[in-house]
Participant: 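I have a structure here, written as structure tokens, and I will follow up with some questions on it.
In this text, all values refer to a predicted model and were calculated from it rather than measured experimentally.
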Amino acid sequence: MIPILITILLILLDQGTKLWALGSLKPIHSMTVVDGFLDLTFVENRGVAFGMLAGQRWLILVLTGVIAGALIYFYRTLPKKKAYLPLRAALLLVLSGAVGNIIDRVCRGYVVDFFEFTFFDWPVFNVADIYVVAGVILMVLLIVFVLKDEDLDLKKKKDE
């Protein structure tokens with residue numbers, strides 16, 4: 001039950017910031033937070049990362065839905081041991097970000113992005129994107145530096 005509540009809270013935080021961006025940023029387009037570093041700039045993202053697959057809404061929805069399903073399956077197959085808690089947290093972050101952006105695509109036809117680093121050329125992003133990036137980085141770090149091959153052999157773990 002706790003993982004479901006955490007996921008819902010993360011999604012609500014993402015959606016709340018997007019509603020704020022729609023109401024406050026869309027009319028003015030952009031506002032400077034830290035001059036030369038960070039602006040809040042309203043963008044309707046109709047693609048995925050870096051604007052790829054723009055205009056392919058249904059393909060993006062299907063792919064994201066499949067990924068979300070795989071994340072849920074993988075989460076449920078992990079042993080319920082304390083050692084897997086960081087990996088479970090990483091999966092919940094990625095899932096929350098994916099669902100947050102799916103909600104945008106279904107309800108609006110685009111994803112609301114608004115964080116813009118102005119000190120270098122980087123795409124505008126949102127809270128859900130932060131979840132996905134943080135979750136993936138955490139997963140990579142865990143897989144490369146912490147977990148062993150036998151920790152990730154879930155078929156073997158299930159048979160034990």
Side-chain angles (χ1 to χ4, degrees), residues 1-21 33-34 37-41 43 45 47-53 56-57 59-108 110-160:
M1 196 61 160
I2 290 174
I4 293 169
L5 291 174
I6 290 170
T7 303
I8 290 169
L9 286 173
L10 290 171
I11 293 167
L12 288 173
L13 176 63
D14 170 64
Q15 290 299 302
T17 61
K18 290 173 179 174
L19 286 173
W20 173 84
V33 176
V34 179
F37 182 76
L38 178 67
D39 285 358
L40 298 178
T41 303
V43 173
N45 183 354
V48 289
F50 307 104
M52 295 183 301
L53 299 175
Q56 302 293 319
R57 179 179 176 202
L59 174 62
I60 295 168
L61 280 170
V62 169
L63 288 174
T64 310
V66 168
I67 291 167
L71 291 167
I72 293 168
Y73 173 78
F74 189 56
Y75 184 94
R76 293 179 53 82
T77 59
L78 283 174
K80 293 180 179 23
K81 296 179 181 174
K82 191 175 183 180
Y84 290 93
L85 189 59
L87 186 55
R88 288 177 173 277
L91 290 169
L92 289 181
L93 281 169
V94 176
L95 178 64
S96 299
V99 172
N101 284 338
I102 285 173
I103 291 169
D104 279 17
R105 289 184 203 291
V106 169
C107 295
R108 295 181 190 91
Y110 60 87
V111 173
V112 174
D113 287 335
F114 54 91
F115 288 117
E116 180 182 26
F117 288 121
T118 54
F119 63 95
F120 65 99
D121 190 27
W122 190 257
V124 181
F125 58 99
N126 61 45
V127 173
D129 298 335
I130 295 169
Y131 297 160
V132 171
V133 171
V136 169
I137 289 171
L138 179 56
M139 274 192 274
V140 169
L141 291 173
L142 290 167
I143 290 168
V144 172
F145 296 111
V146 178
L147 298 171
K148 298 170 185 66
D149 287 341
E150 56 269 14
D151 292 331
L152 297 171
D153 187 357
L154 298 179
K155 183 175 177 6
K156 182 180 171 187
K157 293 281 183 202
K158 212 170 202 174
D159 294 340
E160 291 177 351

Participant: How long is the straight-line distance from CD1 of Ile6 back to CG of Leu95, given to the nearest 0.5 Å?
Facilitator: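 Rounded to the nearest 0.5 Å, the CG-CD1 separation comes out at 12.0 Å.
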Participant: Write out all pairs satisfying salt bridge (charged side-chain N to carboxylate O under 4.0 Å, His left out) with one or both partners inside residues 133-147, taking only residues at least two apart or from two chains.
Facilitator: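 Salt bridge (charged side-chain N to carboxylate O under 4.0 Å, His left out) check on residues 133-147 returns no pairs.
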Participant: List the residues meeting side chain to side chain contact (heavy atoms under 4.5 Å, CB included) with Val106, not counting sequence neighbours, and say none if there are none.
Facilitator: Leu61, Ile102
Participant: Listing request: all side chain to side chain donor-acceptor pair (under 3.5 Å) pairs with a residue in residues 2-14, at least two apart in sequence or in separate chains.
Facilitator: Asp14-Lys18
Participant: side-chain contact (heavy atoms from CB on, under 4.5 Å) between Asp39 and Val33: does it pass, once the steps are laid out?
Facilitator: CA-CA 5 Å; Asp39 285 358; Val33 176; 5.9 Å; no
Participant: Rounded to the nearest 0.5 Å, how far does CG of Leu85 lie from NZ of Lys82?
Facilitator: 8.0 Å
Participant: Partners of Phe145 by side chain to side chain contact (heavy atoms under 4.5 Å, CB included), sequence neighbours excluded?
Facilitator: Leu141
Participant: Work out which heavy atom in Leu138 is nearest to a heavy atom in Ala90; give both atom names and the distance.
Facilitator: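 Heavy-atom minimum between the residues: CD2-CB, 3.7 Å.
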Participant: Around Leu5, counting heavy atoms of other residues, nucleotides and ligands shown, do more than 12 lie under 6.0 Å from its CG?
Facilitator: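 Yes.
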Participant: What pairs of residues pass the salt bridge (charged side-chain N to carboxylate O under 4.0 Å, His left out) test when at least one of them lies in residues 111-136, not counting sequence neighbours?
Facilitator: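 Applying salt bridge (charged side-chain N to carboxylate O under 4.0 Å, His left out) to every pair that reaches into residues 111-136, excluding sequence neighbours, yields nothing.
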Participant: So do Phe114 and Thr17 actually touch side chain to side chain, heavy atoms under 4.5 Å?
Facilitator: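 In short, these two side chains touch, coming nearer than 4.5 Å.
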Participant: With rounding to the nearest 0.5 angstrom, report the CD1 to CG distance, Ile2 to Leu9.
Facilitator: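 Going from the CD1 atom of Ile2 to the CG atom of Leu9 covers 11.5 Å.
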Participant: Quick one: are Thr118 and Leu38 in side-chain contact, heavy atoms under 4.5 Å?
Facilitator: no
Participant: Distance check, rounded to the nearest 0.5 Å: Leu78 atom CG versus Leu91 atom CG?
Facilitator: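 Those atoms lie 6.0 Å apart.
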Participant: Quickly, which of Trp122, Phe115, Phe117 forms a ring-ring contact (aromatic ring centres under 6.0 Å, His included) with Phe37? Name it, please.
Facilitator: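 Between Phe37 and the candidates, ring-ring contact (aromatic ring centres under 6.0 Å, His included) is satisfied uniquely by Phe117.
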Participant: Quick one: list whatever passes salt bridge (Lys or Arg N to Asp or Glu O under 4.0 Å) with Arg88, sequence neighbours left out.
Facilitator: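 Expected list: none.
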Participant: Taking atom types as modelled, is there a side-chain donor on Asn126 or Asn101 under 3.5 Å from an acceptor on the other?
Facilitator: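 Yes, because at least one side-chain N or O of Asn126 sits under 3.5 Å from a partner of the opposite role on Asn101.
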Participant: Take Phe74 and Thr77 through the side-chain contact (heavy atoms from CB on, under 4.5 Å) test and state the conclusion after the steps.
Facilitator: CA-CA 5 Å; Phe74 189 56; Thr77 59; 4.0 Å; yes
Participant: Got a sec, which residues hit ring-ring contact (aromatic ring centres under 6.0 Å, His included) with Tyr110, two or more places apart in sequence or on another chain?
Facilitator: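 ring-ring contact (aromatic ring centres under 6.0 Å, His included) check on Tyr110 returns nothing, list empty.
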Participant: Please round to the nearest 0.5 Å and tell me the distance separating atom OG1 of Thr64 and atom CZ of Arg105.
Facilitator: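 Those atoms lie 5.5 Å apart.
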Participant: Any heavy-atom pair between the side chains of Tyr131 and Val94 that's under 4.5 Å?
Facilitator: no
Participant: Taking only residues two or more places apart in sequence or in another chain, which ones pass side chain to side chain contact (heavy atoms under 4.5 Å, CB included) with Pro3?
Facilitator: Tyr75, Leu92
Participant: Could I get the full list of side chain to side chain contact (heavy atoms under 4.5 Å, CB included) partners for Val140, not counting sequence neighbours?
Facilitator: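 With neighbours one apart ignored, the set is Val136, Val144.
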Participant: To the nearest 0.5 Å, what is the distance between CD1 on Ile8 and CD on Gln15?
Facilitator: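 Reported to 0.5 Å precision, the distance equals 13.0 Å.
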